Amino acid sequence: MMIREFDNVLLATLRNARHVAVLTGAGVSAESGIPTFRDAQTGLWARFRAEDLATPEAFERDPKLVWDWYAWRREIVAKAAPNAGHAALARLAGLVPRLTLVTQNVDGLHQQAGSRDVIELHGNIHRSKCARENLVIDSWQDVKDSPPRCPRCGALLRPDVVWFGEMLPAAALEQAEAAAHSCDVFLSVGTSAAVYPAAHLPLTARDAGATVVEVNKDPTRISGAVTYSLRGASGEILPRLFAVAWPM
Ligand code: BJW
């Protein structure tokens with residue numbers, strides 16, 4: 001007897017979709033060896049306090065601590081390579097008429113896997129910006145003390161990521177919300193859906209009539225609100241799902 005792994009209606013909905021929107025979170029990079037935030041034991045927030053490291057107040061209080069913590073994370077990211085989940089999402093762009101890929105991740109692994117026009121909601125850990133003028137700075141004088149200083153105005157440099165209490169980049173958020181409103185299928189992959197406004201996107205899509213599919217190894221706070229919950233690692237589920245929906 002053939003065991004059908006995925007619901008036939010889900011497969012047909014995917015195949016017939018004109019616009020698929022995807023929101024990814026830290027879970028999609030977990031199989032690349034990058035720690036998530038909220039997984040018990042292994043998540044960053046199980047070992048560090050967000051208030052001490054990922055807020056503008058923390059940077060004001062102790063810029064060296066914050067800069068050095070991000071330098072440590074940048075090293076982890078630099079050693080990581082995209083996994084089968086990133087690769088499957090890059091392939092998806094060639095399978096559907098329109099794809100919008102939105103990520104909360106700052107690691108750049110979707111782009112490394114070949115995804116284009118990735119909408120980054122929380123910035124990118126590889127970029128730095130002037131803490132005073134908010135301008136992205138590409139090069140600066142290497143000094144022993146960290147953080148380094150802005151070559152234009154002398155203020156401290158900081159990572160170009162979005163901390164708690166800060167606005168998301170307006171254009172990125174607008175594009176993500178527009179995609180959530182207009183897509184037929186919304187995939188929420190590897191995110192706990194705990195951080196706003198990103199966590200609202202799957203619900204916006206659902207309210208606008210989209211089929212919402214969650215891919216996560218554990219239940220999340222939106223699992224009860226989505227159309228399909230696919231339980232497992234994104235690096236395993238996504239390649240299988242797309243292979244079954246679009247057999248060669
Ligand atoms: C796997 C897997 C595998 C593991 N396969 N799955 C409305 C209500 C309440 C509060 C607010 C609200 N609106 C705004 C707020 C305040 C705040 C907020 O949301 N707080 C909540 C915690 C309650 N939001 C903000 O401050 C945002 N700014 C804002 O809204 O501005 C306007 C405003 C300002 C002030 C007041 C009010 C409004 C900014 C949020 C910035 C978040 N920044 C961070 C750090 C980025 C830089 C960095 O990398 O250091 O972004 S925090 C962290 O969380 C990071 C992530 O992008 C984000 C989301 O986490 P994610 O990706 O979901 O990771 P995890 O770890 O939570 O989940 C991983 C999941 O993967 C798990 O479910 C696993 O099961 C799963 N998994 N392995 C599949 N192999």
Side-chain angles (χ1 to χ4, degrees), residues 22-59 65-74 76-77 80 82-89 102-110 118-129 158-170 172-173 176-177 187-204 213-223 226 229-241:
V22 184
L23 171 70
T24 64
V28 86
S29 294
E31 290 155 87
S32 296
I34 300 178
T36 63
F37 293 91
R38 294 173 186 80
D39 279 292
Q41 320 288 336
T42 57
L44 289 170
W45 298 156
R47 289 185 284 156
F48 305 97
R49 277 163 40 94
E51 300 88 323
D52 294 340
L53 296 159
T55 66
E57 294 78 18
F59 186 72
L65 177 79
V66 174
W67 179 269
D68 290 351
W69 188 66
Y70 276 94
W72 166 69
R73 285 184 48 207
R74 214 176 288 124
I76 297 175
V77 168
N83 63 56
H86 297 107
L89 290 171
V102 181
T103 189
Q104 298 168 85
N105 297 345
V106 298
D107 55 32
L109 288 185
H110 285 304
V118 180
I119 298 173
E120 294 181 320
L121 290 181
H122 293 163
N124 191 302
I125 199 167
H126 299 293
R127 282 194 310 263
S128 299
K129 64 179 183 179
R158 55 161 282 182
D160 187 9
V161 298
V162 181
W163 286 326
F164 285 111
E166 294 187 316
M167 305 297 278
L168 275 64
L173 184 58
E177 280 171 348
L187 302 179
S188 178
V189 184
T191 176
S192 59
V195 174
Y196 294 88
H200 236 295
L201 294 169
L203 308 177
T204 300
V213 184
E214 179 177 64
V215 178
N216 200 301
K217 72 176 181 54
D218 292 320
T220 72
R221 53 186 77 198
I222 61 160
S223 298
V226 301
S229 246
L230 307 180
R231 196 67 60 232
S234 48
E236 291 168 19
I237 300 245
L238 292 176
R240 288 212 311 266
L241 175 64

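Scope of the values below: all heavy atoms of this structure, side chains included, with no hydrogens, waters or symmetry mates. Both counts, for ligands and for their atoms, begin at 1 and track the order of listing. Note that the structure is a prediction, hence the values are computed from the model and not measured.
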- Message: Tell me which residues fall inside the under-4.0 Å heavy-atom shell around ligand 1.
- Response: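 Only Gly25, Ala26, Gly27, Ala30, Glu31, Thr36, Phe37, Arg38, Asp39, Tyr70, Arg73, Gln104, Val106, His122, Val161, Val162, Trp163, Phe164, Gly165, Glu166, Met167, Leu168, Gly190, Thr191, Ser192, Ala194, Val195, Tyr196, Pro197, Asn216, Lys217, Asp218, Thr220, Gly232, Ala233, Ser234 have heavy atoms that fall under 4.0 Å of ligand 1, ordered by chain and number.
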Contacts table for residues 193-204: side-chain donor-acceptor under 3.5 angstrom, sequence neighbours left out:
{"unit_1": "Thr204", "atom_1": "OG1", "unit_2": "His200", "atom_2": "O", "d": "3.0"}

- Item | Non-neighbouring partners of Ser128 that pass side chain to side chain donor-acceptor pair (under 3.5 Å), sequence neighbours left out |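 Once residues adjacent in sequence are excluded, Ser128 has no partner under the side chain to side chain donor-acceptor pair (under 3.5 Å) criterion.
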- Task: Name all residues meeting the side chain to side chain donor-acceptor pair (under 3.5 Å) criterion together with Asp52; count only those two or more places apart in sequence or in a different chain, and write none if there are none.
- Result: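 Asp52 satisfies side chain to side chain donor-acceptor pair (under 3.5 Å) with Arg49 once adjacent residues are dropped.
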- SB check Glu166 Arg158 (cutoff 4.0 Å):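 Salt bridge flag = yes for Arg158 with Glu166.
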- Between Leu121, Ile119, Val189, which is the residue that forms a side chain to side chain contact (heavy atoms under 4.5 Å, CB included) with Leu23?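 Answer after filtering Leu121, Ile119, Val189: Leu121.
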- Task: Using the six-membered ring wherever Trp is involved, compare the ring planes of Phe48 and Trp69 and label them parallel, tilted or perpendicular (cut-offs 30° and 60°).
- Result: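 The rings of Phe48 and Trp69 stand perpendicular, inter-plane angle above 60°.
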